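Some notes on the structure that comes next.
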Protein chains: 2
Amino acid sequence: MKRVTIKEVAAKADVSYQTVSKVINHKVEVLPETAERIWSAVEELGYRPNYTARSLRSQRSRTIGYTWSPTPHGLTNPILDQFLQSMFLTAEQSGYYLLCFPYHEENERQLQVYAELIDTGRVDGFVLSSVEYNDARVQFLLEREFPFVGFGRSDDEALFPYIDVDGGVGVYQSVVHLYKGGRRQIAALAWPEDSRVGNNRMSGYFNALKDCGLPINTHLIARGAGNYEFGYQACDEFLQLPRSLQPDAIVALNDYMAMGAMAAIQNKGLVPGEEIAVTGFDDNPIVQYLRPSLTTVQQPIWDIGQKVIEMLVYQLEEGKLPDPLCTLIPPRLIVRQSSQPKTDTGKE
Amino acid sequence: MKRVTIKEVAAKADVSYQTVSKVINHKVEVLPETAERIWSAVEELGYRPNYTARSLRSQRSRTIGYTWSPTPHGLTNPILDQFLQSMFLTAEQSGYYLLCFPYHEENERQLQVYAELIDTGRVDGFVLSSVEYNDARVQFLLEREFPFVGFGRSDDEALFPYIDVDGGVGVYQSVVHLYKGGRRQIAALAWPEDSRVGNNRMSGYFNALKDCGLPINTHLIARGAGNYEFGYQACDEFLQLPRSLQPDAIVALNDYMAMGAMAAIQNKGLVPGEEIAVTGFDDNPIVQYLRPSLTTVQQPIWDIGQKVIEMLVYQLEEGKLPDPLCTLIPPRLIVRQSSQPKTDTGKE
DNA sequence: TAACGTCATGCGAACGTTCGCATAAAGGAA
DNA sequence: TTCCTTTATGCGAACGTTCGCATGACGTTA
């Protein structure tokens, strides 16, 4: 597997190999005819600069590291594919590639991998996703002053470039939409209070209730694991409340909980979207096929992937932090059958 | 961002830097006390060999390239996450990482990217997935004699290392399972005949019918796009056949078609799994939540990811093709509610 | 005591680039 | 004619390793 080197090009073009390098990298002006000779030699020999040699000399790998926490067994990550593809494509346009490496549950071990990639010079920067409160990776990378961009925020004090979806806005839209459909007892299926993403989304719930003039009923807020089973069980408990306390709408902070809730409703012989409306979050492609199809909140994943890479590449090329440092993107409410307006059947 | 080099370690351990290199790579025996000095210097300085320099000298990148065709909009790839994670982890154990790059629809353009990665020396080998008949990438890599392993087969003549799921076995199991449940008119929802994966799976359908002593009814075989819509429509047409020609079971070659079929059945006021059984393929995590939950065929994705990498790493390290060259893995039938035994209601 | 193997380590070169400075040729001003 | 600029290209070094061979010290044998 013989590779063409810059020296062969130089020999063919009858210049020194250093000159070839300069011409290729547009570092210097040469006579048009020299340039012509060089470029045609490059063409004819099919020369491609050796990536490794280039990195060694320039001390840059033109590689971005990324890992993500794997989807728990029995679930799918609805945005992973699109997120990755959008990053790959955007990175390629600036001459970067993504190095993907395994996720390790154990914090210590995970940081070791980050350190390894930095110390061996394999990557120039990282993309982090699922950033949480007090994120060890954020702290580590800030300390080492190594470039990275987060998809998701951490503590308010941690200053670093990130892009995030404003989940609050999404949930706000859901609640208002339900309110306009005549719903007045709007319950929430949420994560525990130590979830950053969860709190962000819940803020939209609280704000919307307030703006609609509805009271906050703590018995209508359930917090748990965020999966189908929890959604089912929590909803089941709502349905065991006295009639007047039962919700007529349920806002779930993700699609899995929403699906669980829908199942619980159906099991009681009720129809989601009629007696009780349900909304989800994430727009898992599957939910359009549910019966009834699920109203949910969609994140502009493609744009996010693009933006994350653009922010990181800017840092790497310009050597300074992007401005603005952080970006919040509003998600979009997708209305489907599960949140029809309330039909006044005279009940209550 | 000062990095520790091998020379600093050498200085500290009071040996030549070449000796440090040899000790680190276990290329030579030294006095125990020398080794001790070297290792503790490594430890104290936190030395990590520079990846780029190492690659340049050894002409190996210890990097594996991978790309995949993105999931069409509105669908999710149920196995992507697990497949990637298993590859990352297995690769890491042998000191490799995966370089992921964008997928380009256009064949020409896609091959350019493969060529680029080869010529610039960025990767040592590739993993290909969704290999099809007459696959341009296979041909290209074989010609250039560049190492790769496929997840999926191509033409029978193309000789290259691959691992594949024996879809035929999976469908065979489905059909036999349905037969044992008393089903006798078993329809198939398939892809067009130019689909390699499709033909492999269909072979199991034909073999099973034969082994069960059932005739092949061409009116019970529908071929199309492989999505939800096609499944719905094709099933709907089955249901418009005269009663005696209608299927009492439907084997879909993927879960999306199965879901479409289930919806069509429900729309006729029938219950999937009772009057008409339905099975899918892929075990998309979502299908366990359908009502009724879907019987389907599960591929051992984790094992496949592991094996693919092992085969490739073997090639890279040993310089020879793995033996056996190819591996076929049987999938597993997951029985759920949608394929209950037929209850003899006396109809027909 | 000379000759020889063996063991532990050192040394120079190479991998394929980029970078900064040196230099030769050509042109213009004094 | 001399000297100074400018322009086009060359040259040596460096990036941080690994590799193969060289070498010096030591012990063994005749």
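The structure displayed is predicted, hence computed values, not measured ones. All chains are named by letter (A, B, ...) in the order of the sequence lines, taking the proteins before the strands, and each is independently numbered beginning at 1.
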Phosphate OP1/OP2 of [N]: any [X] side-chain N/O under 4.0 Å:
| X | N | answer |
| --- | --- | --- |
| A:Ser21 | C:dT18 | yes |
| B:Thr19 | C:dG10 | yes |
| B:Thr34 | C:dA8 | no |
| B:Gln59 | C:dG16 | yes |
| A:Tyr17 | D:dG12 | no |
| B:Asn50 | D:dC15 | no |
| A:Arg54 | C:dT18 | yes |
| A:Lys27 | C:dT18 | no |

Exercise for the section: Flag the pair B:Phe160 / B:Tyr162 as yes when their ring centroid distance falls below 6.0 Å, and as no otherwise. Expected result: yes
Handout entry: Ring-ring centroid check B:Phe126 B:Tyr114, cutoff 6.0 Å
Key = yes
Without decimals, in angstroms, what is the distance between [X] [atom1] and [N] [atom2]?
| X | N | atom1 | atom2 | answer |
| --- | --- | --- | --- | --- |
| B:Glu8 | D:dC15 | CD | P | 11 Å |
| B:Arg3 | D:dT17 | CZ | C1' | 14 Å |
| B:Asp14 | C:dA8 | CG | C1' | 14 Å |
| A:Ile24 | C:dG16 | CD1 | P | 15 Å |

Exercise for the section: Assess the side chains of B:Ser129 and B:Tyr66: does a donor N or O sit below 3.5 Å from an acceptor N or O? Expected result: yes
Exercise for the section: Scan B:Tyr51 against the nucleic acid and name what it touches under 4.0 Å (heavy atoms): base, sugar-phosphate only, or nothing. Expected result: nothing
Exercise for the section: Mind checking A:Leu31 for me? I need base, sugar-phosphate or nothing, with any heavy atom below 4.0 Å counting as a touch. Expected result: sugar-phosphate
Exercise for the section: On DNA chain D, check which nucleotide each of B:Thr52 and A:Pro32 is closest to and give me the residue with the more 5' one. Expected result: A:Pro32
Out of [options], whichever nucleotide has its closest atom nearest the side chain of [X]:
| X | options | answer |
| --- | --- | --- |
| A:Ala53 | D:dT17, D:dT9, C:dG16 | C:dG16 |
| A:Lys22 | C:dG10, C:dT17, C:dC19 | C:dC19 |
| A:Gln18 | C:dA13, C:dT17, D:dA13 | D:dA13 |

Problem - Pair B:Glu29 + B:Lys22, salt bridge at N-O below 4.0 Å - result: no
Practice task
Can you check whether any acceptor in the base of D:dT18 is under 3.5 Å from a donor in the side chain of B:Arg57, or vice versa?
Solution key: yes
Fill in the blank from the handout: On DNA chain C, more 5' by nearest nucleotide between B:Glu29 and A:Lys7 is B:Glu29
Handout entry: Atom CD of B:Glu318 with >12 non-hydrogen neighbours under 6.0 angstrom
Key = yes
